[in-house]
Amino acid sequence: MQESHTDVLVVGGGQAGIAMSEHLGQRGIKHLVIERDRIAERWRTGRWDSLVANGPAWHDRFPNLEFNGIEPEAFATKDQVAEYFEQYVSKLGAPVRTGVEVTKVTRNEGRRGFTVQTSEGAIQANYVVAATGPFQKPVIPRIIPESNPVNQIHSSAYRNPQQLSQGNVLVVGAGSSGVQIAQELRASGRQVYLAVGPHDRPPRRYRGQDFCWWLGVLNKWEMSAPPQGAEHVTIAVSGANGGQTVNFRTLGHQGITLVGRATTYSDGVLRFDPDLAANVASGDENYLSLLDEADAYIERNGLDFPLEPEARDLGELPECITDPLVELDLQAAGVSTIVWATGFTVDYSWLEADTFDERGRPKHQKGVSEEPGVYFLGLPWQSRRGSSFIWGVWHDAQYIADQISIQRSYAEHLPMDSSLGLSATALA
């Protein structure tokens, strides 16, 4: 490591770290971005082969660079997203060091700043931004013992249908990942079971506009917190196959067997909550409520948007919803693989700071932690509903850069730092 000191050390070279670098660079703040793999590695190897972005190219990007060779309403592939971030780093001339892992960050004793231990030596930093995002540690509920002969993988390890052994598949989790994986597996000819929990399901498009646009003009991206009781509700939306509205009724008619939430397992039998119909009905209500708000917005603003009455035709309920399975004998059903599309948890074991709750989650306000000098970036609902989107993390990075600038202005009034032989101003 050529540099032994930097003002701000940013950990993570994905969308959050790159956005952070842009705003720090605009303010002339010396910084370094450390990435243990390659730029945007999660997009390269932490996703399945056919994944595309959930938002159209005009929306899911940073404000200062458009996607090359992609129509604005199209959905970028995972490789195109990774290439986009590489282009952005090149455009910025961002100080990103790849192939370097941060192993420990500790606050210095008796002097300001932090010591950052890396795979290539130690760095001194006045401020640390944890920009590793929320998708760090896959979560697989401890329902089925690992000793069970059925193969269990997390959605982050799924790549394509050919990867899986012969047999039927149970996908647990009906957010964007679970739905897309289930559809792909069903299209490959497999019998698929899909466990559906509580969810929101916005229309992909309505009256000529993508749902990203509707959430924008209706100020839903700016919600500061999820509604009470909906903190863990997933969103079922997809850009796959050119972008289509997710409709669980349709999935059932396409041959995917829908079941409720997986709960317990014993003697080869997996049991499900009898909540499938309620979960589907709640998702339908969420869908229709957004159509109502969109219609009201169009009327209120006198917009000449095309009518779309067919959008309210939800279709007939399939038998798997009206007469749902409450248990499944995995062997008898021929299920050889379970794909757990059950999300992730954070892992900040490398960061020794007094700003985590009992579950290891950061305690912060809009990314400003309870540990002075430590900041977080890329978390869901960090400041708003859109925080985990590419464009949302860009705006959160702007806020964090402002907060660091404020702290640096206070530091300018510190006396000479005898331990380093430099003034705070010289360090800035």
*Would Asn126 and Gln407 satisfy side chain to side chain donor-acceptor pair (under 3.5 Å), going step by step from the backbone distance to the final call?*
CA-CA 10 Å; Asn126 295 327; Gln407 291 302 314; over 6 Å; no
*For the residue pair His59 and Trp213, is the inter-centroid distance of their aromatic rings smaller than 6.0 Å?*
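No: the rings miss the under 6.0 Å criterion.
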*Strictly under 6.0 Å, is that where the ring centroids of Trp221 and His395 end up?*
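No; His395 has its ring centre 6.0 Å or more from that of Trp221.
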*Heavy-atom pair of closest approach, residues Ala130 and Trp350*: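 What the structure gives for the nearest pair is CB-CH2, 3.7 Å.
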_Contact summary for Arg47 and Arg42, nearest pair of heavy atoms_ =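 Looking at all heavy atoms of both residues, the shortest contact is NH1-O, 3.1 Å.
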*asked:* Over 60° means perpendicular and under 30° means parallel, so tell me whether Phe356 and Phe376 are parallel, tilted or perpendicular.
replied: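 Ring orientation of Phe356 relative to Phe376: perpendicular.
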*In terms of ring plane angle, is the pair His199 and Phe248 parallel, tilted or perpendicular, where the classes change at 30° and 60°?*
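Tilted.
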Applying side-chain hydrogen bond (donor to acceptor under 3.5 Å, both in side chains), name anything that partners [X], two or more places apart in sequence or on another chain.
X: Asn64; answer: Glu22
X: Glu41; answer: Arg38, Thr45
X: Asp313; answer: none

*side chain to side chain contact (heavy atoms under 4.5 Å, CB included) involving Glu370 - partner list, sequence neighbours excluded*: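 With sequence neighbours excluded, Glu370 shows a side chain to side chain contact (heavy atoms under 4.5 Å, CB included) to Thr355, Lys363, given in chain and number order.
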Can you check whether [Y]'s main-chain N or O pairs, donor with acceptor, with [X]'s side chain at less than 3.5 Å?
X: Arg159; Y: Ser156; answer: yes
X: Asn286; Y: Arg201; answer: yes
X: Thr345; Y: Lys137; answer: no
X: Gln152; Y: Ile144; answer: yes

*side chain to side chain donor-acceptor pair (under 3.5 Å) partner of Gln124, chosen from Asp7, Thr6, Asn108*: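 Between Gln124 and the candidates, side chain to side chain donor-acceptor pair (under 3.5 Å) is satisfied uniquely by Asn108.
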*Please round to the nearest 0.5 Å and tell me the distance separating atom CG of Leu32 and atom CG of Leu24.*
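If I round to the nearest 0.5 Å, the distance is 11.0 Å.
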Flag if over 12 foreign heavy atoms under 6.0 Å of [atom1], [X]:
X: Arg36; atom1: CZ; value: no
X: Asp402; atom1: CG; value: yes
X: Lys104; atom1: NZ; value: no

_4.5 Å side-chain heavy-atom contact, Gln382 and Tyr399_ =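 No, too far: nothing below the 4.5 Å cut-off.
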*Going by heavy atoms in the side chains, are Thr250 and Gln254 under 4.5 Å from each other?*
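When only atoms from C-beta onward are counted, Gln254 and Thr250 do touch, with a gap below 4.5 Å.
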Side-chain polar contacts of residues 296-308 - donor-acceptor pairs under 3.5 angstrom, sequence neighbours left out - could you list them?
unit_1	atom_1	unit_2	atom_2	d
Asn301	ND2	Tyr297	O	2.9
Glu308	OE1	Arg207	N	2.6

*Cut-off 3.5 Å, side chains only: do Asp347 and Ser349 have a donor facing an acceptor?*
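Yes, because at least one side-chain N or O of Asp347 sits under 3.5 Å from a partner of the opposite role on Ser349.
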*Give me the one residue out of Val171, Ile181, Val172 that meets side chain to side chain contact (heavy atoms under 4.5 Å, CB included) with Ser155.*
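Option passing the side chain to side chain contact (heavy atoms under 4.5 Å, CB included) with Ser155: Ile181.
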*Could you list all the salt bridge (Lys or Arg N to Asp or Glu O under 4.0 Å) pairs where at least one residue sits in residues 62-84, not counting sequence neighbours?*
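Non-adjacent pairs meeting salt bridge (Lys or Arg N to Asp or Glu O under 4.0 Å): Glu73-Arg205.
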